[in-house]
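Below: one structure, written as structure tokens.
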Amino acid sequence: MNTIIRQLTLADVPYVYDICLKTGNNGKDASELFMDPYMIGQYYAAPYLFYEIDVCFAAVNNDAAYKRPSGYIIGTSDSASYYEWFYSVWIPQVQLLYPRDSIFKSPNEKRISKIIYEKNETPDGEILKEYPAHLHIDLLSELQGRGAGKSLMNTFFEALKKKDCKGLHLGVSKDNENAVGFYKKIGFNILEESQYSFLLGIKF
Ligand SMILES: CC(C)(COP(=O)(O)OP(=O)(O)OC[C@H]1O[C@@H](n2cnc3c(N)ncnc32)[C@H](O)[C@@H]1OP(=O)(O)O)[C@@H](O)C(=O)NCCC(=O)NCCS
């Protein structure tokens, strides 16, 4: 497979929602867990394209007939500013779509609905100062294990360095052992550990 990395554009938004859903259950397909296929992407994926698209990249199977993204890395170089925008501008629009008393298909959907209304915990100020960027990286299964994750990471690091950003954090569930192994191989260290998740960080 000939994989290329390119900048994401707003025309890619539908594919970003699709990839987010198909990797949304600790790296596995979450399609059966959501009444609304877009809900998970409303929280974890689409907003990054509307906030700081110049640090968002696609992995594309260049042998395929259509050049849709099959993987992405999305994030921000400044998490503190991102969260301010996210909770004041983006989330109120998302709340219009998902009333508090919605019916849920799974605990996963219930959890996203809850964090749409109650701010999710964000890393403390010291971490945001030392590791200001954060990211999400997801590849459809056919693209995994072929070096695309590493290429996306390196492209993202270069984009952050151009913005004088010196560090990056991310959260990962302990159940997603594949992703934890990948991040450690890339060079991330554990900053914090809770019962179910790690907060990882890397400096450039
Ligand atoms: C996690 C993910 C991004 C990794 O991307 P990938 O393209 O599969 O990984 P790569 O092939 O680029 O691997 C890069 C390096 O990490 C190593 N690696 C990958 N997974 C590993 C693992 N579980 N344990 C140890 N090393 C691992 C590879 O061997 C490779 O090493 P090399 O540089 O010596 O060749 C991808 O598998 C994925 O999208 N998974 C589903 C969604 C997901 O879980 N996202 C993370 C949510 S927090």
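Counting convention: from 1, in listed order, for ligands and their atoms alike.
With salt bridges taken as basic N to acidic carboxylate O contacts below 4.0 Å, one links D12 and R6. Salt-bridge annotation for D36 and K105: absent, with no side-chain N of the basic residue lying under 4.0 Å from a carboxylate O of the acidic one. Under the 4.0 Å criterion applied to side-chain N and carboxylate O atoms, K22 and E142 are not assigned as salt-bridge partners. Salt bridge status for E130 with K166: absent, with no side-chain N to carboxylate O gap under 4.0 Å.
Classified by interplanar angle (parallel below 30°, tilted 30° to 60°, perpendicular above 60°), the ring pair F86/Y83 is perpendicular.
At least one N or O atom of I137 sits closer than 3.5 Å to an N or O atom of ligand 1. At least one N or O atom of G149 sits closer than 3.5 Å to an N or O atom of ligand 1. Polar contact with ligand 1: present for K185 (N/O pair, distance under 3.5 Å). Considering backbone and side-chain atoms together, L143 places no N or O closer than 3.5 Å to any N or O of ligand 1. Considering both main-chain and side-chain atoms, D138 comes within under 3.5 Å of ligand 1 through a nitrogen or oxygen pair. Checking only distances, V172 never comes within under 3.5 Å of ligand 1, N or O to N or O.
Side-chain contact check for T76 versus H134: some heavy-atom pair is nearer than 4.5 Å.
A cation-pi contact links K184 to F198, judged by a cut-off of 6.0 Å to the six-membered ring centre and 45° from its axis.
Ranking protein heavy atoms by distance to atom 11 (O) of ligand 1, first place goes to G147 N, 2.8 Å. Looking only at heavy atoms of the protein, atom 12 (O) of ligand 1 is closest to K150 N, 2.8 Å.
Distance check: L140 CG to S70 OG gives 5.0 Å after rounding to the nearest 0.5 Å.
At a threshold of 4.5 Å between side-chain heavy atoms, the hydrophobic network of Ile, Leu, Val, Met, Phe, Trp and Tyr places V55 and V13 in two separate groups.
Put simply, atom 37 (O) of ligand 1 has protein non-hydrogen atoms near it, under 4.0 Å away. There is no protein heavy atom closer than 4.0 angstrom to atom 28 (C) of ligand 1.
For F157 and F204, the ring centers are positioned less than 6.0 Å apart.
With a 4.0 Å cut-off on non-hydrogen atoms, H136 does not touch ligand 1 at all. When non-hydrogen atoms are compared, ligand 1 lies under 4.0 Å from the side chain of Y183 (C-beta onward) but not from its backbone. Contact annotation: for L170 versus ligand 1, there are no heavy atoms closer than 4.0 Å.
Among A179, G24, A59, S173, the residue whose heavy atom sits closest to atom 1 (C) of ligand 1 is A179.
Interface of N178 with ligand 1, defined as ligand atoms under 4.0 Å from a residue heavy atom, comprises 20 (N), 22 (C), 23 (N), 37 (O).
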